[in-house]
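In this text, all values refer to a predicted model and were calculated from it rather than measured experimentally. These values consider heavy atoms only, across backbone and side chains, with no hydrogens, waters or symmetry-generated copies. When a ligand or atom number is given, it counts from 1 through the structure's own listing order.
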Amino acid sequence: MQTTMTDAPASYLNQATSGAGAMKKIVVLGATSGIALEVQRQLAGRRCELLLVARSAERLTELQADLSIRGAQKVLAYAADLSAVQHHAAIVDFVRRQFADFDTVLLAYGSMQDQKNSEASVDVMLEELRVNFVSACAILSLFAADLEQRRTGCIAAITSVAGDRGRRSNYVYGSAKGALSLFLQGLRSRLHPAGVRVITIKPGPVQTAMTDRMANAARFADTELVARDIVRALERRSPDVVYTPKMWRYVMTAVEHIPEVIFKRLAF
Ligand SMILES: NC(=O)c1ccc[n+]([C@@H]2O[C@H](COP(=O)([O-])OP(=O)(O)OC[C@H]3O[C@@H](n4cnc5c(N)ncnc54)[C@H](OP(=O)(O)O)[C@@H]3O)[C@@H](O)[C@H]2O)c1
């Protein structure tokens, strides 16, 4: 594990802010994700302070330099494998010591294995559930306790439209994301009396490394558009559930209403 820190060049410190509101100090879990990269660029443009967590110390160092140049007031980094629950206490301890009074946590890491591999190997399936669901619940619980005690802040996590209905082609990934959405729903209710917001972000297919091997990837949503929806929700601390691009709310409402007797026959 490695910890590093940079400050933005002084020339940026005089730029006008663009109204970050209550959102000033953001912790990003999975800072090297394609979606997170674009979110971080947009937050840097708003002169936010960022604390980035991801596996690669090398990529974190590059990101610190890039985001500082783009206007971030401060960029801290912590290299760790977020899917390894035994690292979580140290991550949260670092955040509390070096980034006290953080107000926002965005969970962006995740893995999408080929469904066929999960069907062929219970180990692969369990790993998929561990990365996308178990470890996410574990680290969010630690951040939730901190924010609940301080009675402030916002937790946002990227799940997926794939979690809205179990499909033949990706139900292991989908069930992990669906379970995470359910966890967030309960967490939202628990934290409501403390004034802590919980936002569930459900993207449709997006053009990132996760999807670039897919045949129709060129038709997937652009990270810039998806990041804009995410940043808007973080700024407003609402809505509770964000579909991005927005049309996916209507698509998934329609998908959810297909009778099971028909749905189980659909080969997608
Ligand atoms: N792209 C889509 O179509 C889409 C749609 C809906 C939801 N999502 C969700 O959006 C989030 C961001 O995805 P993305 O599209 O930006 O994907 P991405 O570019 O492939 O990024 C995935 C991120 O997760 C980390 N990661 C992957 N496997 C991991 C593991 N086993 N342990 C720890 N970290 C791991 C990666 O770290 P490294 O950089 O170190 O590999 C990277 O930071 C994910 O939760 C994904 O499920 C994506």
Check: Q207 side chain, F220 main-chain N or O, donor-acceptor pair, under 3.5 Å
yes

Any N/O of A31 closer than 3.5 Å to an N/O of ligand 1?
no

For atom 7 (C) of ligand 1, grab the closest protein heavy atom and report residue, atom and distance to one decimal in Å.
T159 O, 3.1 Å

Does ligand 1 have a heavy atom under 4.0 Å from the side chain of Y173, from its backbone, from both, or from neither?
side chain

Backbone of V172 reached by a side-chain donor or acceptor of Q115 within 3.5 Å:
yes

Check this for me - ligand 1, T32, N or O atoms closer than 3.5 angstrom, yes or no?
yes

Which residue and non-hydrogen atom of the protein lie closest to atom 48 (C) of ligand 1, and at what distance in Å?
M210 SD, 3.9 Å

for atom 25 (C) of ligand 1, nearest protein heavy atom and its distance come out as Y109 CB, 3.9 Å

Atoms in ligand 1 flagged as close to T211, the criterion being non-hydrogen separation under 4.0 Å:
1 (N), 2 (C), 3 (O)

Pair R232 + E235: basic N to acidic O under 4.0 Å:
no

For L60 and A54 the tightest heavy-atom approach is CD1-O, 3.7 Å

Backbone or side-chain N or O of L82 under 3.5 Å from ligand 1 N or O:
no

Please determine whether a side-chain nitrogen of the Lys or Arg among R130 and E127 lies less than 4.0 Å from a carboxylate oxygen of the Asp or Glu.
yes

Residue part near ligand 1, for T208, under 4.0 Å between non-hydrogen atoms
side chain

Is R165 salt-bridged to E260, cutoff N-O under 4.0 Å?
yes

Donor-acceptor pair, T211 side chain versus V206 backbone, under 3.5 Å?
yes

Which heavy atom of the protein is the closest neighbour of atom 33 (C) of ligand 1, given with residue, atom name and distance?
D81 OD1, 3.2 Å

Hey, does R59 sit under 4.0 Å from ligand 1 if you only count heavy atoms?
yes

To the nearest 0.1 Å, how far is atom 10 (O) of ligand 1 from its closest protein heavy atom, and which atom is that?
I158 CG2, 3.2 Å

Under a 4.0 Å heavy-atom limit, does V131 contact ligand 1 with its side chain, its backbone, both, or neither?
side chain

When distances are taken from atom 12 (C) of ligand 1, the protein heavy atom at minimum range is A108 O, 3.0 Å

If we only count N/O pairs under 3.5 Å, is G34 in contact with ligand 1?
yes

Over-ring placement of K25 relative to F99, 6.0 Å and 45° cut-offs:
yes

Quick one: do R96 and D146 make a salt bridge, cutoff under 4.0 Å?
yes

Keeping Q42 on the side-chain end and E224 on the backbone end, is there a donor-acceptor pair under 3.5 Å?
yes

Inspect the contact between E38 and R228 and indicate whether a charged nitrogen and a carboxylate oxygen are less than 4.0 angstrom apart.
no

Checking the side chain of S238 only, and the main-chain atoms of D240 only, is there a donor and an acceptor separated by less than 3.5 Å?
no

re atom 22 (C) of ligand 1, the protein heavy-atom contact at minimum distance is G110 O, 3.5 Å

Nearest to atom 2 (C) of ligand 1, what protein heavy atom do you find, and at what distance?
V206 N, 3.5 Å

Please could you name the atoms of ligand 1 that S33 approaches to less than 4.0 Å, counting only its heavy atoms?
12 (C), 16 (O), 19 (O), 21 (O), 22 (C), 23 (C), 42 (C), 43 (O)

Should D101 and K24 count as an ion pair when the cut-off is N to O under 4.0 Å?
no

Would P205 count as a polar contact of ligand 1, with the cut-off being nitrogen or oxygen pairs under 3.5 Å?
no

Could you list the atoms of ligand 1 found under 4.0 angstrom from a heavy atom of G204?
3 (O), 5 (C), 6 (C)

S111, any N or O under 3.5 Å of ligand 1 N or O:
no

Applying a strict 4.0 Å limit to heavy atoms, is L107 in contact with ligand 1?
no

Any salt bridge linking D103 with R197? Criterion: basic side-chain nitrogen under 4.0 Å from a carboxylate oxygen.
no

Within reach of ligand 1, part of K177 (heavy-atom separation under 4.0 Å)
side chain

Out of E128, R130, R55, who is nearest to atom 38 (P) of ligand 1 when you count heavy atoms only?
R55

